[in-house]
Amino acid sequence: MSQIVYVINGPNLNLLGSREPDVYGHTTLSDIETIATKAGASRGLSIEFLQSNEEGALVNWIQEAREKAVGLIINAAGYTHTSVAIMDALLASDIPIIEVHLSNIYKREDFRHHSYVSKAASGVICGFGAHGYTLAVDAMANLLKSD
Ligand code: DQA
């Protein structure tokens, strides 16, 4: 049976495709789910792809991933820059964590330069749009191999 990797997406990412396309591109979240699922399948990983606009739901999935998954990829979106609760949930987890952002957060407003998620992540992929999810799945497969 394939190993399960959770891919958790935060607020407003459900609007991808129509939301600020100049920043986030035209790819929808459903397209990204397809891309991530295919990338996972070719590396023997089964992707559990999730999105919520609610902080508590994200915390619950991070906690669930500790029990059910071998790795966690997260784009916490706006909560990246604000959520101690998400950071704490990630720190409580001992599976590898990869942080993803579609945009290059370091090229944007100062408030996006700080990430609570980074405190718990093995690495960060940002600025490559939807392709960042493929890169993250690839990086996760490598981390799991070297475990
Ligand atoms: C984002 C970057 C965040 O700063 C922003 O709040 C988002 C999306 C990204 O994927 O580029 O909602 O995480």
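Counting starts at 1 for both ligands and their atoms, in listed order.
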Open item on the list: Check this for me - ligand 1, His81, N or O atoms closer than 3.5 angstrom, yes or no?
Closed with: yes
Open item on the list: Given Val117, Val100, Ile105, identify the one with the heavy atom nearest to atom 2 (C) of ligand 1.
Closed with: Ile105
Open item on the list: Would you say Ile8 ends up clustered with Met87 if hydrophobic residues are merged whenever their side chains have heavy atoms under 4.5 Å apart, either directly or through other cluster members?
Closed with: no
TODO: Name the option, out of Arg19, His101, Glu99, that contains the heavy atom nearest to atom 13 (O) of ligand 1.
DONE: His101
Open item on the list: Evaluate Leu102 for polar contact with ligand 1, using N/O atom pairs at a separation under 3.5 Å.
Closed with: yes
Task: Heavy-atom nearest neighbour in the protein, as seen from atom 11 (O) of ligand 1, with distance rounded to 0.1 Å - done: Ser103 OG, 2.6 Å
- [ ] Work out whether the distance between some heavy atom of Asn75 and some atom of ligand 1 is less than 4.0 Å.
- [x] yes
- [ ] Could you see which bit of Arg112 sits under 4.0 Å from ligand 1, with heavy atoms only: side chain, backbone, both or neither?
- [x] side chain
Task: Nearest-neighbour protein heavy atom for atom 7 (C) of ligand 1, which is reported as residue plus atom name and distance - done: Tyr24 OH, 3.4 Å
- [ ] Take Leu90 and Leu72, measure what side chain to side chain contact (heavy atoms under 4.5 Å, CB included) needs, and give me the verdict at the end.
- [x] CA-CA 9 Å; Leu90 292 169; Leu72 170 55; 3.6 Å; yes
Open item on the list: Taking the ring centre of each residue, are His113 and Phe111 less than 6.0 Å apart?
Closed with: no
Open item on the list: What verdict does the side-chain hydrogen bond (donor to acceptor under 3.5 Å, both in side chains) test give for Ser115 and Glu99, after you've listed the backbone C-alpha separation in whole Å, the side-chain angles of each residue and the deciding distance to 0.1 Å?
Closed with: CA-CA 10 Å; Ser115 165; Glu99 176 179 0; 2.8 Å; yes
Task: Polar proximity ligand 1 side, Thr80 side, N/O cut 3.5 Å exclusive - done: no
TODO: Heavy-atom distances under 4.0 Å are what count here, so tell me which part of His113 touches ligand 1: side chain, backbone, both or neither.
DONE: neither
- [ ] Report the distance from atom CG of Leu102 to atom OH of Tyr133, rounding to the nearest 0.5 Å.
- [x] 5.0 Å
TODO: Any chance you could measure Gln51, atom CD, to Asn9, atom CG, to the nearest 0.5 Å?
DONE: 6.5 Å
Task: Option among Thr27, Thr28, Thr34 that satisfies the side-chain hydrogen bond (donor to acceptor under 3.5 Å, both in side chains) test with Asp31 - done: Thr28
